[in-house]
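This report concerns only the one structure given below.
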Amino acid sequence: MEVTKQHQVHGGALSYLKHDSVSTGTPMTLSVFTPPGDGPFPVLIWLSGLTCTEDNFTTKAGAYAAAVEHGLIIVAPDTSPRGEGVADDPAYDLGQGAGFYVDATETPWAPHFRMETYVTDELIALIDAEFPTTGARGISGHSMGGHGALTLALRRPELFRSVSAFAPIASPTRCPWGEKAFTAYLGEDRSEWAKHDAALLMESGAARGRFDDILIDQGDADAFLAEQLKPELLQAAADAVGQTVTIRMQPGYDHSYFFMASFIADHVAFHAARLKA
């Protein structure tokens with residue numbers, strides 16, 4: 001991996017990195033924060049939302065003081081492949097910046113939009129090879145990235161010991177963002193969509209026996225709450241199968257990084273408790 005820039009933060013090392021991805025066939029960028037000390041450290045992977053790059057979480061979330069306190073590496077990849085020859089769309093909710101953490105099967109997206117494989121196979125292996133990790137990892141994210149965190153954890157629970165989310169798209173098969181993206185990336189077959197819907201995965205028992213709790217923070221002043229996010233569908237699915245999910249409705253908070261910055265320390269502590277157990 002090529003280091004493009006580095007900073008010291010709270011005594012730890014923050015690196016911006018670039019590498020050629022086998023999964024996407026493009027250069028991919030990410031940030032990695034490593035706390036002070038020799039390690040090894042558990043890893044928290046953060047997945048960002050629509051329109052974001054690796055820089056949004058890195059500069060706005062304010063997570064690194066908590067990462068030092070609890071001794072966690074935090075990895076924040078970009079949200080999609082980018083570059084010349086990579087398919088795109090004029091809309092903000094499809095194409096570059098809107099990978100939805102799935103492996104696309106449809107033209108023109110399939111050659112590069114393989115974000116599920118990138119995160120679960122390539123990125124994890126790369127981080128474990130290049131940084132002093134314990135091999136224990138959790139995953140979290142916001143909005144589209146919250147959808148990604150939940151679905152990747154439920155689809156590949158052997159990879160993660162903990163999962164949390166901020167304002168996740170809880171059931172993308174039942175909201176405009178998800179219906180648009182899944183039609184484009186996965187085609188018209190809704191049975192394929194269901195494999196990437198956190199509420200439906202939960203309802204099928206995918207989380208049973210895997211996670212003692214799943215932490216979700218949601219602002220009640222979020223403009224996308226009713227139409228796009230629908231946390232009540234995830235809660236209903238969890239209740240149906242006896243999975244503990246803690247959904248904290250935060251009064252007055254919206255969809256912005258100000259919301260995440262207010263509660264990110266809680267999430268870092270949540271993951272640390274499980275990754276160090």
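All of these numbers come straight from a predicted model, not from anything done at the bench.
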Is the backbone of [Y] close enough, under 3.5 Å, to the side chain of [X] for a donor and an acceptor to pair up by distance?
{"X": "Glu122", "Y": "Ser23", "value": "yes"}
{"X": "Glu69", "Y": "Ala269", "value": "no"}
{"X": "Ser204", "Y": "Leu201", "value": "yes"}
{"X": "Asp78", "Y": "Met28", "value": "no"}
{"X": "Gln218", "Y": "Ile247", "value": "no"}
{"X": "Ser140", "Y": "Ser164", "value": "yes"}
{"X": "Lys5", "Y": "Ser15", "value": "no"}
{"X": "His70", "Y": "Ala272", "value": "no"}
{"X": "Thr79", "Y": "Cys52", "value": "yes"}
{"X": "Asp220", "Y": "Gly252", "value": "yes"}

Less than 6.0 Å separating the ring centroids of [X] and [Y]?
{"X": "His142", "Y": "His255", "value": "yes"}
{"X": "His147", "Y": "Phe166", "value": "no"}
{"X": "Tyr253", "Y": "Phe263", "value": "yes"}

Close side-chain approach of [X] to [Y], heavy-atom, < 4.5 Å:
{"X": "Asp103", "Y": "Phe113", "value": "no"}
{"X": "Ile216", "Y": "Pro231", "value": "no"}
{"X": "Leu30", "Y": "His19", "value": "yes"}
{"X": "Glu106", "Y": "Leu186", "value": "no"}
{"X": "Ile169", "Y": "Met144", "value": "yes"}
{"X": "Asp217", "Y": "Met249", "value": "no"}
{"X": "Gln8", "Y": "Leu14", "value": "no"}
{"X": "Tyr118", "Y": "Thr26", "value": "no"}

Minimum heavy-atom distance [X]-[Y], with the two atoms named:
{"X": "Ser80", "Y": "Gly97", "result": "OG-N, 2.7 Å"}
{"X": "Lys180", "Y": "Ala91", "result": "NZ-CB, 3.3 Å"}
{"X": "Tyr92", "Y": "Ala98", "result": "O-CB, 3.9 Å"}
{"X": "Gly141", "Y": "Ala149", "result": "N-CB, 3.9 Å"}
{"X": "Gly148", "Y": "Leu47", "result": "C-CD1, 3.7 Å"}
{"X": "Pro36", "Y": "Gly11", "result": "CB-O, 3.4 Å"}

Original post:
Which is it for Phe33 and Val68 under the side-chain contact (heavy atoms from CB on, under 4.5 Å) test, yes or no, and what are the steps along the way?
Top reply: CA-CA 9 Å; Phe33 176 80; Val68 169; 3.6 Å; yes
Any side-chain donor-acceptor pair under 3.5 Å between [X] and [Y]?
{"X": "Tyr16", "Y": "Asp55", "value": "yes"}
{"X": "His271", "Y": "Ser162", "value": "yes"}
{"X": "Thr244", "Y": "Asp213", "value": "no"}
{"X": "Thr29", "Y": "Glu54", "value": "yes"}
{"X": "Asp189", "Y": "Ser191", "value": "yes"}
{"X": "Asp128", "Y": "Thr133", "value": "yes"}
{"X": "Asp197", "Y": "Thr173", "value": "yes"}

**OP:** Report the C-alpha distance between Ile124 and Ile45 in whole Å, list the side-chain angles of each, state the deciding distance to 0.1 Å, and finish with yes or no for side-chain contact (heavy atoms from CB on, under 4.5 Å).
**Re:** CA-CA 9 Å; Ile124 285 173; Ile45 296 174; 3.8 Å; yes
Indicate, with yes or no, if [Y] and [X] share a hydrophobic cluster defined by side-chain heavy-atom contacts under 4.5 Å among Ile, Leu, Val, Met, Phe, Trp and Tyr.
{"X": "Leu225", "Y": "Leu215", "result": "no"}
{"X": "Tyr185", "Y": "Trp193", "result": "yes"}
{"X": "Met115", "Y": "Val163", "result": "yes"}
{"X": "Phe57", "Y": "Tyr101", "result": "no"}
{"X": "Phe270", "Y": "Ile264", "result": "no"}

Rounded to the nearest 0.5 Å, how far does [atom2] of [Y] lie from [atom1] of [X]?
{"X": "Arg82", "Y": "Thr53", "atom1": "CZ", "atom2": "OG1", "result": "6.0 Å"}
{"X": "Thr34", "Y": "Ile73", "atom1": "OG1", "atom2": "CD1", "result": "4.5 Å"}
{"X": "Gln228", "Y": "Asp222", "atom1": "CD", "atom2": "CG", "result": "10.0 Å"}
{"X": "Thr58", "Y": "Tyr64", "atom1": "OG1", "atom2": "OH", "result": "4.0 Å"}
{"X": "Ser31", "Y": "His7", "atom1": "OG", "atom2": "NE2", "result": "10.0 Å"}
{"X": "Asp20", "Y": "Met1", "atom1": "CG", "atom2": "CE", "result": "12.0 Å"}

Original post:
What's the verdict on side-chain contact (heavy atoms from CB on, under 4.5 Å) for Met202 and Leu234, showing C-alpha distance, side-chain angles and the deciding distance?
Top reply: CA-CA 7 Å; Met202 185 83 70; Leu234 188 68; 3.8 Å; yes
**OP:** Over 60° means perpendicular and under 30° means parallel, so classify the ring planes of Phe224 and Trp177, tilted if in between.
**Re:** tilted
Give a yes or no on this: more than 12 heavy atoms of other residues, nucleotides or ligands lie within 6.0 Å of atom [atom1] of [X].
{"X": "Glu158", "atom1": "CD", "answer": "yes"}
{"X": "Lys18", "atom1": "NZ", "answer": "no"}
{"X": "Phe258", "atom1": "CZ", "answer": "no"}

**OP:** Dump the intermediate steps for side-chain contact (heavy atoms from CB on, under 4.5 Å) on Trp46 and Met260, then the final yes or no.
**Re:** CA-CA 12 Å; Trp46 172 271; Met260 281 168 278; 3.6 Å; yes
**OP:** Please name the residue in the list Asp212, Leu275, Ile139 that meets the side chain to side chain contact (heavy atoms under 4.5 Å, CB included) test with Arg161.
**Re:** Leu275
Subject >> Carboxylate-amine/guanidinium proximity below 4.0 Å for Arg248 and Asp266 >> reply: yes
Original post:
Between Glu116 and Lys195, is a salt bridge (Lys or Arg N to Asp or Glu O under 4.0 Å) present by the stated rule, with each step listed?
Top reply: CA-CA 12 Å; Glu116 178 174 11; Lys195 299 174 184 178; over 6 Å; no
Original post:
Within 45° of the axis and under 6.0 Å from the centre of the six-membered ring of Phe160, does NZ or CZ of Arg156 qualify?
Top reply: no
